[in-house]
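Written below as structure tokens is the structure these notes are about.
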Amino acid sequence: MIECSAEPSVMAGMNGNPSYVINSNLVGTLNCLEAVRKNKATLIFLSTSRVYSYDELNKLDIINMGIRYDYCYTSVVANKGISFNGVTEQFTLAGPKTMYGATKYASEIMINEYAAMYGIKSVINRCGIIAGPGQFGKTDQGLLALWVFHYLFDKELTFIGFDGKGSQVRDFLDVKDLYRLIEIEITKINELKGNTFNVGGGRINSMSLHELTMKCNSIFNKKLKVNHSIETRPGDIKVYITDNENVYKIAGWKPRSDMTDILTDTMQWAKINKEKIRVLFNG
Ligand SMILES: NC(=O)c1ccc[n+]([C@@H]2O[C@H](COP(=O)([O-])OP(=O)(O)OC[C@H]3O[C@@H](n4cnc5c(N)ncnc54)[C@H](O)[C@@H]3O)[C@@H](O)[C@H]2O)c1
């Protein structure tokens, strides 16, 4: 079973009622685990980088390089969970994570418990931002698709939070690369079972909103107006970049797509589905 169902919004529960996100994410995983146990199946779980606390990540020494934030050398030296590549699996799991992150982490704990008690073979992938064709682009999930939709419909962009300068950084994982990793994990489940991997686009595919906008301007050959909203959304993170070293060492996987590939593929798909996307995007 590939457990990739979720309420994936980091804003979920902020309206004061967390029952929907808890039921979808934690209870949903428990239902999957029971099905896996009863059917003697194996489990691949799509978890999230959001299991790492936004507070702990924002407490790191971070350098503001004008157009992007990045981890300071002092963070790499002082924190075993930060390398020159980014965040490793050694990063603390303490601290607030949003309801989304907490429910995914609770699911991870239960997966490991089922593995210990019932011998279920499982792999956990803590994914950074996933991107590529086929994704709904919303302000709280699906950032790269959201950017592409703005270029498709010539809409004004908005940099939200952290002074509204678009300096916040994420790494982008092509869904094709993620698919390739899941194939490896299914094929080699006996060898890979019990592992928890950080999985993302990595430093090479990391960009601030500002850099993403410059890249889109150049690839799509147009310049959109950018608005600036200074209010930072609760639970937002200045910089998250995945260190893929562990998954590379153990599973032999690393991303192949670069940002040009991901943006080009997403735009190609968006153009084909323009009228359907217009309805969702209000374009
Ligand atoms: N998109 C990202 O950047 C990202 C990053 C890290 C991890 N993930 C994880 O990847 C997985 C897929 O996320 P996505 O971004 O494609 O989100 P998505 O919303 O496009 O897909 C989630 C799917 O789960 C389904 N679902 C929700 N509750 C369900 C239930 N109770 N039973 C059956 N199906 C249910 C939804 O209908 C939806 O089709 C999720 O587990 C998410 O936590 C996503």
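Side chains included, hydrogens not; waters and symmetry mates left out as well; all remaining heavy atoms used. None of the values given here were measured: they were computed from a predicted structure.
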(request) Identify the two heavy atoms, one from Lys97 and one from Tyr105, that lie closest to each other, and give their separation to 0.1 Å. (result) CE-CD2, 3.7 Å
(request) Drop me the distance from Phe45's CZ to Ile111's CD1, to the nearest 0.5 angstrom. (result) 4.5 Å
(request) Give a yes or no on whether the backbone of Gly201 and the side-chain of Asp177 come within a donor-acceptor separation of less than 3.5 Å. (result) no
(request) State whether the side chain of Asn195 and the backbone N or O of Leu192 hold a donor-acceptor pair below 3.5 Å, judged by distance alone. (result) yes
(message) Please find the pair of heavy atoms, one from Val51 and one from Gly101, that lie closest to each other, and give the distance.
(response) CG1-O, 4.0 Å
(message) Tell me if a side-chain donor or acceptor on Arg256 pairs with a main-chain N or O of Asp174 at a distance below 3.5 Å.
(response) no
(request) Mind checking the CG-CZ spacing from Asp243 to Arg203? Nearest 0.5 Å is all I need. (result) 9.5 Å
(request) May I ask you to decide if Asn85's main-chain N or O and Ser83's side chain share a donor-acceptor pair within less than 3.5 Å? (result) yes
(message) Within this structure, what is the CZ-OG1 distance for the pair Phe159 and Thr213, rounded to the nearest 0.5 Å?
(response) 3.5 Å
(request) State which residues pass side-chain contact (heavy atoms from CB on, under 4.5 Å) with Phe84; sequence neighbours excluded, sorted by chain then number. (result) Tyr73, Val76
(request) Verify, without hydrogens or angle tests, whether Asp261 (side chain) and Asp258 (backbone) share a donor-acceptor contact under 3.5 angstrom. (result) yes
(request) Apply the side chain to side chain contact (heavy atoms under 4.5 Å, CB included) test between Leu43 and each candidate in Glu3, Lys193, Lys121; give the one that qualifies. (result) Glu3
(request) Kindly assign one of parallel, tilted or perpendicular to the pair Tyr52 and Tyr240, based on the angle between their ring planes and the thresholds 30° and 60°. (result) parallel
(request) Report the distance from atom CE of Met267 to atom CG of Leu263, rounding to the nearest 0.5 Å. (result) 8.5 Å
(request) Determine yes or no for a side-chain-to-main-chain donor-acceptor pair under 3.5 angstrom, with Thr242 supplying the side chain and Asn244 the backbone. (result) no
(request) Enter the distance from Leu144:CG to Thr266:OG1 here, rounded to the nearest 0.5 Å. (result) 5.0 Å
(request) Return yes if some donor-acceptor pair links the side-chain N/O of Asp171 with the main-chain N/O of Gly202 below 3.5 Å, else return no. (result) yes
(request) Would you give the length of the straight line joining atom OG1 of Thr260 to atom CD1 of Ile219, rounded to the nearest 0.5 angstrom? (result) 4.0 Å
(message) Grouping I, L, V, M, F, W and Y whenever their side-chain heavy atoms are under 4.5 Å apart, do Met207 and Phe162 come out in a common cluster?
(response) no
(request) Please state whether the rings of Tyr151 and Phe220 are parallel, tilted or perpendicular, taking 30° and 60° as the class boundaries. (result) tilted
(message) Could you check whether Arg37 makes a cation-pi contact with Tyr118, meaning its NZ or CZ is under 6.0 Å from the centre of the six-membered ring and within 45° of the ring axis?
(response) yes
